[in-house]
Amino acid sequence: MNPMTFLRAQWDRVGAWVCIAGGAIVLLLGWWGISGTTSVGRQLPYIISGGLFGVFLLGLGGLLWVSADLRDEWRELWSIRDALVKIAAGQGGNVENSAFALTPEEHEEAAAVLAGGQLHPVSASNGSSSSHRRRSTAVNEA
């Protein structure tokens, strides 16, 4: 993959790593400036500039990293939504070969969900019925 393509596609992850590395360097330089002095008056500028700015950069890097993860999750959810819309429209030919290909049971369940219906408990193998699936009333009558 071309580095520029990677930078365009993953700008927030690259920014996160730059901010995290920059924050660590600023904190290290602030500590290095403080370590040679015993006077509190001479340590305060290092604490203010190095400490606060370093913590700010670390926080910004964490925020960018979470933003990148959320963007990936939304992209995956939209592709799943598109696959379900194609199945509902009867255009499932392209979906069968994708990463979101459904088994025949999952295909029937997706059709039941898209047809509407009510939530019915699904009995688990251990006998509990805490999980639910949405099923069509037509599926339950059959």
Side-chain angles (χ1 to χ4, degrees), residues 1-140:
M1 174 179 258
N2 185 347
M4 290 306 293
T5 305
F6 179 78
L7 287 175
R8 281 190 206 110
Q10 300 291 332
W11 63 269
D12 40 7
R13 279 200 175 82
V14 172
W17 279 111
V18 167
C19 286
I20 290 170
I25 289 171
V26 168
L27 284 175
L28 186 64
L29 290 174
W31 172 81
W32 185 61
I34 288 175
S35 66
T37 62
T38 57
S39 171
V40 174
R42 292 184 184 210
Q43 291 178 351
L44 284 176
Y46 292 106
I47 293 172
I48 292 171
S49 63
L52 293 180
F53 188 59
V55 169
F56 171 75
L57 284 176
L58 289 176
L60 182 62
L63 182 70
L64 286 172
W65 192 268
V66 168
S67 171
D69 286 345
L70 286 174
R71 185 171 49 98
D72 291 344
E73 291 295 325
W74 278 107
R75 185 182 308 126
E76 185 174 337
L77 284 173
W78 277 104
S79 65
I80 291 170
R81 179 199 169 272
D82 290 343
L84 287 174
V85 167
K86 286 179 184 178
I87 290 170
Q91 302 169 357
N94 293 336
V95 177
E96 303 299 331
N97 298 325
S98 73
F100 301 105
L102 300 176
T103 64
E105 296 82 20
E106 291 171 333
H107 188 72
E108 290 175 13
E109 190 170 319
V113 167
L114 292 172
Q118 301 173 4
L119 289 174
H120 296 285
V122 176
S123 59
S125 60
N126 61 2
S128 67
S129 61
S130 60
S131 62
H132 291 79
R133 288 188 182 166
R134 187 177 175 98
R135 298 200 178 228
S136 172
T137 54
V139 172
N140 290 332

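Numbers for residues simply follow the sequence, beginning at 1.
- If you take CG on L57 and CD1 on I20, they are separated by 10.0 Å, rounding to the nearest 0.5 Å.
- Using a 4.5 Å cut-off on side-chain heavy atoms (C-beta onward), F6 and V14 make contact.
- Across every non-hydrogen atom of Q43 and T37, the tightest pair is NE2-O, 2.8 Å.
- Here the OG atom belonging to S49 is positioned 10.5 Å from the CG atom belonging to L44, to the nearest 0.5 angstrom.
- Summarising the geometry of G61 relative to A16, their closest heavy-atom pair is O-CB, 3.2 Å, with the distance given to 0.1 Å.
- The minimum heavy-atom distance between C19 and L64, with the atom names listed, is SG-CD1, 4.3 Å.
- Taking CG of D72 as the start and CG of D12 as the end, the distance is 7.5 Å to the nearest 0.5 Å.
- Within the model, atoms CZ of R71 and CH2 of W11 stand 7.0 Å from one another, a figure rounded to the nearest 0.5 Å.
- For the atom pair CG (L27) and CZ (F53), the distance works out to 10.5 Å, reported to the nearest 0.5 Å.
- Expressed to the nearest 0.5 Å, how far CH2 of W17 lies from CH2 of W65 amounts to 5.5 Å.
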